[in-house]
Participant: 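Before I ask anything, let me first share the structure, which is written out below as structure tokens.
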Amino acid sequence: MNIEVNGPKIYYEIPILGGIKITESIVNMWFVMAVTVAVCIWLTRNLSVKNPSKKQIVAEKLYLMLYNLVKDVMGEKYIKFVPYIGSLFTMSILGSLSSLFGLRAYTADFSVTLGWALMTFIMIQANKIKHKGVWGYIKSFAEPVAFLTPLNLVSEIANPISMAFRHFGNIASGVVITSLIYGALASLSKTVLGFIPNDFISQIPIFQVGLPAILSIYFDLFTSFLQAYIISMLTMVYVSGAE
Amino acid sequence: MEKYLDFVTIDFWEIIFTWVNLLILFLLMKKILFKPIKNILEQRENEVNSMYSDAENAKNSAESMEKEYTRKLADAKNEANEIVKNATRTAELRSEEIIRTAQEQATNIKEKANKDIERDKINAINEAKKDISEIAVSIAEKVIEKDINEKDYDRLIENFINEMGDSE
């Protein structure tokens, strides 16, 4: 049997500007956004100063956790990054976890993770220019000595690429391995049950029950959380460190 | 035939979509999640702070009131002592005056009574003298049973009275 590991499906191609492809990743992203917004609206309904409801306590706790994380990592003056980090983290973790609901994780799409990494890259450069001025920013690449300039440039450009590939690779490898294991278990089932003359029963992939679920705890839950945390953390550290 | 992107590829429009989606989610979450919760937390903090300052103010005013009341209480005690002292002195003066007046009145009454007694005594003596003379005359008339002349009669009475006055 063949095991195919594909990129995201192309649902539709708008035939302008060289073809704008509406892919599975983008549609899944919209879906995740809709769910997130719905949850946010539900969480912040009937907020009260006194006697907060249980969901309000949860919402406040989550907010404070994020707030304190941003404050500790980035410092008080970058506290405006709380919503951005929050939305990036949400986008990343729900994107990876959406594979649990049978959607293709859009974090296993390199264009998406590269988009986020480029966003961080732009923020880093903007923050550098803001603090050093344009000339100071250009000059900073020739520090500490001029001949290190190419190296500085490479390390600067390597940042977003490594970030994008780290996130993409972790999630995509999960997708690949899960597909491989499903394929392997299907053929194992077929081999074991192949002697049964009934076509229907011999096709039941009994080994696909159980083992993939255990693996998915690592590949989906653990990796999803870890990668979301890493990309948020790196964004915070790089942006606040770029002064 | 379903079309797929390559497994590892960079699609320009997908990056743009990713940015736009992230921006939209950022703005929405900021508006409907982070702002309201931040506001609620700030409100709560303000409320707690104002409660603390209210409590502080209440404590201060209670302390100052306590001081004032203590002072007023001490004043009232002094005043009460003063009043009692004054009243005692007034009462003493008054009682002395009453006693003095009473003594004077008693003296007056006593003097008046003495005078009355003196006068009554004199009156009684005179009365008695008169009665005795009449009794004496009538006794004498009975004894003598005759008319004595006026001259002898007067002399006899005089003698009698004088004898009685001496024996007194």
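Keep in mind that this is a model prediction, so the values were computed, not measured. Numbers restart at 1 for each chain; the letters A, B, ... are given by sequence-line order, proteins then strands.
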Participant: My understanding is that only residues two or more places apart in sequence, or in another chain, count here; which of them pass side chain to side chain donor-acceptor pair (under 3.5 Å) with A:Tyr238?
Facilitator: A:Asn159
Participant: Which region of A:Leu62, side chain (C-beta onward) or backbone (N, CA, C, O), has a non-hydrogen atom less than 4.5 Å from a non-hydrogen atom of chain B, or is it both or neither?
Facilitator: neither
Participant: What part of B:Leu41 is in contact with chain A, defined as an atom under 4.5 angstrom from a non-hydrogen atom: side chain, backbone, both or neither?
Facilitator: side chain
Participant: How long is the gap from CD1 on A:Ile85 to CZ on B:Phe26, to the nearest 0.5 Å?
Facilitator: 10.0 Å
Participant: Please look at A:Phe168 and chain B and tell me whether the side chain, the backbone, both or neither of the residue comes under 4.5 angstrom of a heavy atom of that chain.
Facilitator: side chain
Participant: Working to the nearest 0.5 Å, report the span between CE of A:Met119 and OG1 of B:Thr18.
Facilitator: 9.5 Å
Participant: Begin from the C-alpha positions of B:Trp19 and A:Ile122 and carry the test side-chain contact (heavy atoms from CB on, under 4.5 Å) through to its verdict.
Facilitator: CA-CA 12 Å; B:Trp19 282 353; A:Ile122 292 166; 4.0 Å; yes
Participant: State whether B:Lys38 and A:Glu60 are salt-bridged, where the test is any N-O pair (Lys NZ or Arg NE/NH1/NH2 against Asp/Glu carboxylate O) under 4.0 Å.
Facilitator: no
Participant: Shorter than 4.5 Å, heavy atoms on both sides: which option in B:Asn21, B:Ile37, B:Leu28, B:Leu33 has the most such pairs with chain A?
Facilitator: B:Asn21
Participant: What parts of residues 25-35 of chain A touch chain B if we use heavy atoms and a cut-off under 4.5 Å?
Facilitator: A:Ser25, A:Ile26, A:Met29, A:Trp30, A:Met33
Participant: Contact part of B:Glu47 toward chain A, heavy-atom cut-off under 4.5 Å: side chain, backbone, both or neither?
Facilitator: side chain
Participant: Whether the side chain of A:Thr44 engages the backbone of B:Ile32 through a donor-acceptor N/O pair (distance < 3.5 Å, no angle test) should be reported.
Facilitator: yes
Participant: With rounding to the nearest 0.5 Å, note down the distance linking CG in B:Leu22 to CH2 in A:Trp116.
Facilitator: 7.5 Å
Participant: A:Ala172 versus chain B, heavy atoms under 4.5 Å apart: side chain, backbone, both or neither?
Facilitator: both
Participant: Could you tell me which portion of A:Thr90 (side chain, backbone, both or neither) has an atom closer than 4.5 angstrom to a non-hydrogen atom of chain B?
Facilitator: side chain
Participant: To the closest 0.5 Å, what do you measure between OH (A:Tyr84) and CG (B:Leu27)?
Facilitator: 12.0 Å
Participant: Find the one option among A:Val176, A:Thr113, A:Val39, A:Asp109 whose heavy-atom pairs under 4.5 Å with chain B are most numerous.
Facilitator: A:Asp109
Participant: Are any of the side-chain heavy atoms of B:Met29 and A:Cys40 separated by less than 4.5 Å?
Facilitator: yes
Participant: Examine whether an atom of A:Gln56 lies under 4.5 Å from a heavy atom of chain B, and if so say whether it belongs to the side chain, the backbone or both; otherwise answer neither.
Facilitator: side chain
Participant: What distance separates A:Thr23 OG1 from B:Phe17 CZ, expressed to the nearest 0.5 Å?
Facilitator: 8.5 Å
Participant: Return yes when atom CD of B:Glu158 has more than 12 non-hydrogen atoms of other residues, nucleotides or ligands closer than 6.0 Å, and no otherwise.
Facilitator: no
Participant: Side chain from CB out, backbone as N, CA, C, O: work out which of these in A:Arg104 comes under 4.5 Å of a heavy atom of chain B, or both, or neither.
Facilitator: side chain
